[in-house]
> 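First, the structure itself, so that you have it in front of you.
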There are 2 protein chains.
Amino acid sequence: MVKKKETKALDTTTEEKIKAAARVVFHKKGYAATRTRDIAGEAGINLALLNYYFRSKEKLFETIMFETVFGFMQNMALVLNDEKSSLEKKVELIASYYIDFITKEPNIPIFMLSEIRNNNAGGLLERLPIKQLVMNSAFFKQHQEAVAKGKIAEPNPLHFLMNLLSLVVFPFIAMPLLQGIGGLNEKQFNQLMQERKRLIPVWIKAMMKAK
Amino acid sequence: MVKKKETKALDTTTEEKIKAAARVVFHKKGYAATRTRDIAGEAGINLALLNYYFRSKEKLFETIMFETVFGFMQNMALVLNDEKSSLEKKVELIASYYIDFITKEPNIPIFMLSEIRNNNAGGLLERLPIKQLVMNSAFFKQHQEAVAKGKIAEPNPLHFLMNLLSLVVFPFIAMPLLQGIGGLNEKQFNQLMQERKRLIPVWIKAMMKAK
DNA sequence: AAACATTTTAATCATTTGATTAAAAATAAT
DNA sequence: ATTATTTTTAATCAAATGATTAAAATGTTT
């Protein structure tokens with residue numbers, strides 16, 4: 001009985017195998033270019049099991065999309081809502097965390113953004129309270145205080161957020177192009193991104209005062 | 001005879017109708033999610049004409065992809081290679097031109113970048129001499145001089161380019177998300193981007209000195 | 001061990017898709 | 001006006017795709 005439980009705990013269930021495979025393939029190819037056969041092949045299971053466990057390709061995709069977006073946003077929400085860290089510290093935490101996160105999962109940004117744009121996200125954005133999440137955050141308050149004290153020249157917090165996300169995320173999205181321009185292999189590109197962990201907070205700080 | 005020539009000049013040819021429709025649909029949906037029937041419908045022509053004029057969906061896509069990438073890069077190359085404009089002026093020109101360009105064609109950045117990433121670009125990147133284009137440019141020389149004079153703290157021109165492209169392009173790619181965060185409609189978002197024409201050169205200038 | 005429930009399998013299905021075909025229509029050349 | 005060529009049309013095709021089906025295999029309960 002005890003022995004049987006241990007053995008079971010070590011085995012991955014079919015459902016989990018499918019999800020793991022779907023994550024890989026959807027992230028790489030997107031919804032439209034992914035065939036259910038691709039996922040079954042990646043999971044090493046029989047094709048019909050996708051419908052048995054998830055009912056449809058679409059439902060499976062919604063599950064993966066939700067988990068991907070939630071997993072990406074989770075740490076962002078934590079940092080933005082942390083009353084104890086300063087604005088500068090928040091920038092450092094976000095730059096550091098997301099450069100590592102995306103280095104490990106380089107397909108996630110463009111996957112999320114193109115599926116959102118293609119309306120394959122099933123109204124996911126409307127269902128996440130992201131407006132409240134940002135506008136009611138410690139970050140928002142801290143930004144307003146910094147503006148009031150003259151520490152930040154541009155009063156709109158959206159510009160601040162756009163700039164931070166732009167500097168962290170876009171290079172990964174444009175990676176093939178940037179590699180082409182700079183003649184970089186993957187290792188060299190990732191090194192460059194590691195440098196940006198230090199540089200981005202420096203740049204953001206300089207931008208705060210600039211008018 | 002003269003009358004007949006005039007009439008013909010005013011009519012769009014079938015080939016051009018197909019290309020225009022393909023541009024719209026491919027930009028919006030990408031290669032995988034676009035059906036040849038979608039393009040035929042958008043062009044108001046018979047489905048078989050796509051194969052008659054372009055032989056295959058893939059060949060049509062390659063044509064549109066090449067024109068899109070070339071059209072996007074063209075002004076970039078002009079500005080980067082202009083010996084007469086300063087580095088600061090180049091930043092202004094690029095921010096201004098591309099914010100307007102993408103405002104008119106908001107699907108182009110994510111279209112190009114995701115098709116490049118999905119290897120649907122048919123080796124287009126390898127065929128464009130983008131490395132030489134940037135590394136042999138007036139921009140590159142000017143960047144080196146500015147570094148030598150201590151005007152720019154970070155010596156790698158790739159960081160400079162990454163930052164500029166990031167600040168200009170990424171907000172458009174993330175538009176649905178940013179609209180969600182800020183509760184913006186399209187007009188409000190575009191207004192924000194127009195502000196960035198002035199702000200981005202200010203920010204880039206501040207970042208140049210920051211160490 | 002038998003009965004019942006769940007999971008897996010391989011074949012098959014219904015629909016969709018890019019592409020082809022043959023004939024009609026339009027245009028160009030003689 | 002006739003012939004040749006090009007363009008267009010609607011039907012059809014061959015292959016691919018998400019999904020279904022029925023039976024076999026495996027697991028659980030009595």
Side-chain angles (χ1 to χ4, degrees), chain A residues 1-26 28-65 115 118-122, chain B residues 1-26 28-65 115 118-122:
Chain A
M1 188 54 131
V2 172
K3 198 169 194 176
K4 182 148 188 186
K5 273 193 175 175
E6 286 181 39
T7 302
K8 186 165 182 178
L10 286 175
D11 286 343
T12 306
T13 66
T14 301
E15 183 173 329
E16 276 157 23
K17 277 185 194 163
I18 296 173
K19 281 176 68 175
R23 204 170 284 125
V24 170
V25 183
F26 279 137
K28 188 171 191 304
K29 302 170 112 185
Y31 179 77
T34 295
R35 302 165 312 145
T36 51
R37 284 158 176 79
D38 298 333
I39 295 170
E42 176 75 31
I45 51 106
N46 183 281
L47 177 60
L49 295 179
L50 271 77
N51 295 89
Y52 181 78
Y53 282 98
F54 292 93
R55 207 199 312 162
S56 69
K57 176 186 174 185
E58 187 179 351
K59 282 278 183 282
L60 176 57
F61 179 79
E62 280 172 13
T63 299
I64 299 300
M65 184 69 186
E115 298 299 341
N118 291 342
N119 288 307
N120 290 334
Chain B
M1 187 54 129
V2 173
K3 198 169 194 178
K4 184 153 187 182
K5 274 195 176 177
E6 286 181 40
T7 303
K8 188 166 181 179
L10 287 175
D11 287 343
T12 306
T13 66
T14 301
E15 184 173 329
E16 275 155 26
K17 276 185 197 164
I18 296 172
K19 281 177 68 176
R23 202 170 284 127
V24 170
V25 184
F26 279 137
K28 186 170 194 303
K29 302 170 111 183
Y31 179 77
T34 296
R35 302 166 312 145
T36 52
R37 284 158 175 80
D38 297 333
I39 296 169
E42 176 75 30
I45 51 108
N46 184 280
L47 176 59
L49 294 179
L50 270 78
N51 294 89
Y52 181 77
Y53 282 97
F54 292 94
R55 208 198 313 164
S56 68
K57 176 187 173 184
E58 189 181 349
K59 283 279 184 278
L60 176 57
F61 178 79
E62 280 172 13
T63 298
I64 300 300
M65 184 68 185
E115 297 300 341
N118 292 341
N119 288 308
N120 290 332

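So that the names make sense, note that chain A is the first sequence line, chain B the second, and so on, each numbered from 1.
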> As a test of reading the structure: which of D:dG18, C:dT17, C:dT21 is closest to the side chain of B:Ala48, going by heavy atoms?
C:dT21
> A:Leu49 or A:Arg37: which one's nearest nucleotide on DNA chain C is closer to the 5' end?
A:Leu49
> Quick one: A:Asn46 CG to D:dA23 C1', roughly how many Å, whole number?
13 Å
> About how many Å separate NZ of B:Lys19 and CZ of B:Phe54, when rounded to the nearest 0.5 Å?
6.0 Å
> For A:Ile45 and C:dA10, what is the distance between atoms CD1 and C1' respectively, to the nearest whole Å?
13 Å
> If only side-chain N and O atoms of B:Thr14 are considered, is one of them under 4.0 Å from the OP1 or OP2 phosphate oxygen of D:dT7?
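No, no such contact exists.
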> Below the 4.0 Å mark, does C:dG18 have OP1 or OP2 next to a side-chain nitrogen or oxygen of B:Ser56?
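Result: no.
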> Rounded to whole Å, please give me the gap between CZ in B:Arg55 and C1' in C:dT20.
14 Å
> Take the protein atom CG of B:Asp38 and the nucleotide atom P of C:dT17, then report the distance between them rounded to whole Å.
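These atoms are roughly 8 Å apart.
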> Regarding B:Lys57 and the six-membered ring of B:Tyr31, is the cationic atom NZ or CZ under 6.0 Å from the ring centre and inside 45° of its axis?
yes
> Can you check the A:Ile18 CD1 to D:dA19 P distance for me, whole Å?
13 Å
> In whole angstrom, give the distance that lies between atom CZ of A:Phe54 and atom P of D:dA19.
13 Å
> If you count heavy atoms of other groups shown closer than 6.0 angstrom to NZ of A:Lys28, is the number above 12?
no
> Taking C-beta and beyond as the side chain, do A:Tyr52 and A:Asn46 meet within less than 4.5 Å on heavy atoms?
no
> Between B:Tyr53 and A:Lys57, which is nearer to the 5' end of DNA chain D once each is assigned its nearest nucleotide?
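The residue whose closest nucleotide sits nearer the 5' end is B:Tyr53.
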> Without decimals, in angstroms, what is the distance between A:Leu47 CG and D:dG18 P?
8 Å
> What are the two closest heavy atoms between A:Ala43 and A:Lys17, and how far apart are they?
CB-O, 3.7 Å
> Checking contacts here: which listed nucleotide (D:dT8, C:dG18, D:dA19) is nearest the side-chain heavy atoms of A:Asn51?
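Looking only at heavy atoms from C-beta outward on A:Asn51, the closest nucleotide is D:dA19.
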> Rounded to whole Å, how long is the line connecting atom OH of B:Tyr52 with atom P of D:dT6?
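It is 7 Å, rounded to the nearest whole Å.
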